[in-house]
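Worksheet: one structure, shown below.
For the single chain, residues carry numbers from 1 onward in sequence order.
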Amino acid sequence: MDVLYLGPRSGTCLDRANALRRLGANVEHLSLRELLPPSRWVDRWTWHVGGHWFGRRVDAALAKALHDRAFDLCHVDGGEWVTPAVIERLRRHARRVVNYNIDDPTGPRDGPRFEAYRQAAPHYDLLVVVREENLPELQRLGARRVMRVFRSADELNHAPRRISAIDELAWTSEVLFLGSWFPERGPFLLDLVARGVPLTIRGPNWHKAPEWERLRAHWAGGALSGDDYARALQCARINLGLLSRDNRDSHTTRSLEIPSLGGLLCAERTSEHQSMYREGAEALFWSDARECAEVCRAALADEGRRARIARAGHERFLRDGHRNERVMQRIVDAALDAAPVGAREAQEAAA
């Protein structure tokens with residue numbers, strides 16, 4: 001199968017493209033951002049005003065890049081610059097056009113950024129989202145078919161590494177939060193520190209936190225990827241799983257990546273986390289900073305219990321199959337099973 005894959009050539013997007021390759025697809029991976037001017041103002045305008053303003057540029061760039069190429073499937077990852085006109089262009093080259101969005105394109109946090117996505121929702125053959133809330137919101141926007149999946153970890157990038165003595169020295173931490181700064185996270189982590197939790201923070205943008213001066217001593221560096229990311233999570237005795245309220249999270253990619261790597265997940269108690277792991281047996285959960293501190297202190301005091309829970313969480317993850325290849329296969333099967341939008345419109349008109 002020939003797949004045109006549109007999205008960043010990095011991070012979880014690249015992982016998903018590589019998962020399609022491992023499934024046997026011939027993947028042509030284009031980054032739409034690389035088709036636009038390199039100026040940082042493109043990103044700022046997209047975030048604050050909307051990516052639909054760049055639709056014509058993307059359409060023209062795709063016309064030059066694709067020529068007369070033909071694909072069985074076009075997979076759009078994200079879609080902040082993909083307008084209805086761009087989808088019309090893509091239909092000249094692909095039998096089906098689908099979108100997978102790991103963000104919250106109909107939610108409050110990133111509103112202007114995904115204006116093009118919302119305009120284009122009725123024109124995709126399939127929309128794939130990771131939140132229940134997106135389903136009725138996209139249907140109200142005219143989406144023809146929407147599928148919800150859980151996030152996923154990667155079979156290769158999130159497989160446990162062999163940890164050496166040098167790795168232990170470089171990466172060991174007691175309680176680790178690895179992730180970006182968001183406004184609600186600073187006060188929460190500061191509360192943990194005040195309660196005596198031996199905290200390490202890794203991730204970008206923490207210098208923006210109002211609590212930065214009091215958290216600086218606990219910050220161990222910025223964004224990580226690849227082996228460094230994996231080793232940091234594996235070498236932490238406890239890994240915190242924090243959610244983004246504005247992003248309407250009930251689980252995150254860390255909810256899968258940490259157990260996939262064999263780490264111990266200690267996350268906010270939500271219905272989705274509780275459906276993924278048995279509390280106290282496969283992961284640790286909490287509802288506020290006070291309970292989180294208590295849970296962390298108890299786990300740090302019992303190495304055997306930590307190891308048992310981490311091992312059981314890893315085994316549960318493997319059984320449930322929240323992995324990229326399985327998710328991408330589901331998307332491909334659903335996309336190819338559906339009649340294309342144009343055909344459905346003709347059927348509806350005839351009826």
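No side-chain donor-acceptor contact under 3.5 Å links T46 and D43. A donor atom on one side chain and an acceptor atom on the other are found under 3.5 Å apart for D15 and N157. Between the side chains of S287 and R269, at least one donor N or O lies within less than 3.5 Å of an accepting N or O.
Of the possible polar contacts, one joining the H29 side chain to the P8 backbone as a donor-acceptor pair under 3.5 Å is found. A distance-only check finds a donor-acceptor pair linking the side chain of R297 to the backbone of R195 [under 3.5 Å]. Not one N or O on the side chain of H158 forms a donor-acceptor pair closer than 3.5 Å with the backbone of E155. Put simply, the side chain of W219 gets close to the backbone of G221: a donor and an acceptor are under 3.5 Å apart. In this structure, the side chain of H314 engages the main chain of P259 through a donor-acceptor pair within 3.5 Å. R131 contributes a side-chain N or O that, together with a main-chain N or O of N247, makes up a donor-acceptor pair within less than 3.5 Å. Using modelled atom types, one side-chain atom of H218 and one backbone atom of L199 make a donor-acceptor pair closer than 3.5 Å. Looking only at distances, no side-chain donor or acceptor of D72 sits under 3.5 Å from a matching main-chain atom of M1. Checking side-chain atoms of R33 against main-chain N and O of P37 turns up a donor-acceptor pair under 3.5 Å. Side-chain N or O atoms of R254 include one that pairs as donor or acceptor with a backbone N or O of L178 at under 3.5 Å.
When side chains are defined from C-beta on, P105 does not count as touching R118, because their heavy atoms never get closer than 4.5 Å. When side chains are defined from C-beta on, H251 counts as touching L256, because their heavy atoms get closer than 4.5 Å. L6 has its side chain within reach of L90: a pair of non-hydrogen atoms, C-beta onward, lies under 4.5 Å apart. Residues I201 and L215 have side chains in contact (heavy-atom distance under 4.5 Å, counting atoms from C-beta outward). At least one side-chain heavy atom of C296 sits less than 4.5 Å from a side-chain heavy atom of L240. Contact annotation: the side chain of N99 approaches that of L127 to within less than 4.5 Å [non-hydrogen atoms, C-beta and beyond]. By the 4.5 Å heavy-atom criterion applied to side chains, R202 and L224 are counted as neighbours.
Classification of the Y5-H75 ring pair by plane angle, with boundaries at 30° and 60°, yields parallel. Between F285 and H273, the angle of the ring planes stays under 30°, which puts this pair in the parallel group of the 30/60° scheme. The aromatic rings of W53 and W45 sit perpendicular to each other, their planes meeting at more than 60°, with 30° as the lower class boundary.
A salt bridge (charged side-chain N to carboxylate O under 4.0 Å, His left out) with D125 holds for exactly one of R144, R95, R91; it is R91. Applying the salt bridge (charged side-chain N to carboxylate O under 4.0 Å, His left out) test between R248 and each of D110, D103, D104 identifies D104 as the sole match.
Contact check on R148 versus E272 returns a salt bridge, with a Lys/Arg side-chain nitrogen under 4.0 Å from an Asp/Glu carboxylate oxygen. Note on R245 versus E184: no salt bridge recorded, every NZ/NE/NH1/NH2 to OD/OE distance being 4.0 Å or above. Ion pairing between R319 and E282 holds under the 4.0 Å rule for side-chain N and carboxylate O. The pair R306-D302 does not meet the salt-bridge criterion, since no charged nitrogen lies less than 4.0 angstrom from a carboxylate oxygen.
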For this session: Using the side chain to side chain contact (heavy atoms under 4.5 Å, CB included) rule, take F317 and I258 through it: C-alpha gap first, then chi angles, then the decisive distance, then the call.
Result: CA-CA 10 Å; F317 166 80; I258 290 167; over 6 Å; no
Exercise. Checking side chain to side chain contact (heavy atoms under 4.5 Å, CB included) for the pair L192/V175: CA distance, chi angles, key distance, verdict?
Worked result: CA-CA 10 Å; L192 293 186; V175 178; 5.5 Å; no
Problem set entry | Chi angles and distances behind the side chain to side chain contact (heavy atoms under 4.5 Å, CB included) call for L261, R161 | CA-CA 8 Å; L261 286 159; R161 270 56 167 182; 4.1 Å; yes
Problem set entry | From CA spacing to verdict: side chain to side chain donor-acceptor pair (under 3.5 Å), S244, D249 | CA-CA 6 Å; S244 169; D249 288 336; 4.5 Å; no
For this session: Verify side chain to side chain donor-acceptor pair (under 3.5 Å) between E115 and Q119, making sure each step is shown before the conclusion.
Result: CA-CA 6 Å; E115 178 59 30; Q119 292 176 9; 3.2 Å; yes
Exercise. Which is it for F177 and W206 under the side chain to side chain contact (heavy atoms under 4.5 Å, CB included) test, yes or no, and what are the steps along the way?
Worked result: CA-CA 12 Å; F177 175 65; W206 281 94; 3.7 Å; yes
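The distance from atom CZ of F54 to atom OG1 of T83, rounded to the nearest 0.5 Å, is 12.5 Å. Taking CD of Q234 as the start and OH of Y229 as the end, the distance is 11.5 Å to the nearest 0.5 Å.
The aromatic ring centroids of H93 and F71 lie 6.0 Å or more from each other.
Both tests hold for R44 against W41: distance to the six-membered ring centre under 6.0 Å, angle to the ring axis within 45°.
A 6.0 Å sphere centred on CD of E88 holds no more than 12 heavy atoms belonging to other residues, nucleotides or ligands. Summarising the local packing, CZ of R56 is surrounded by 12 or fewer heavy atoms from other residues, nucleotides or ligands at distances under 6.0 Å.
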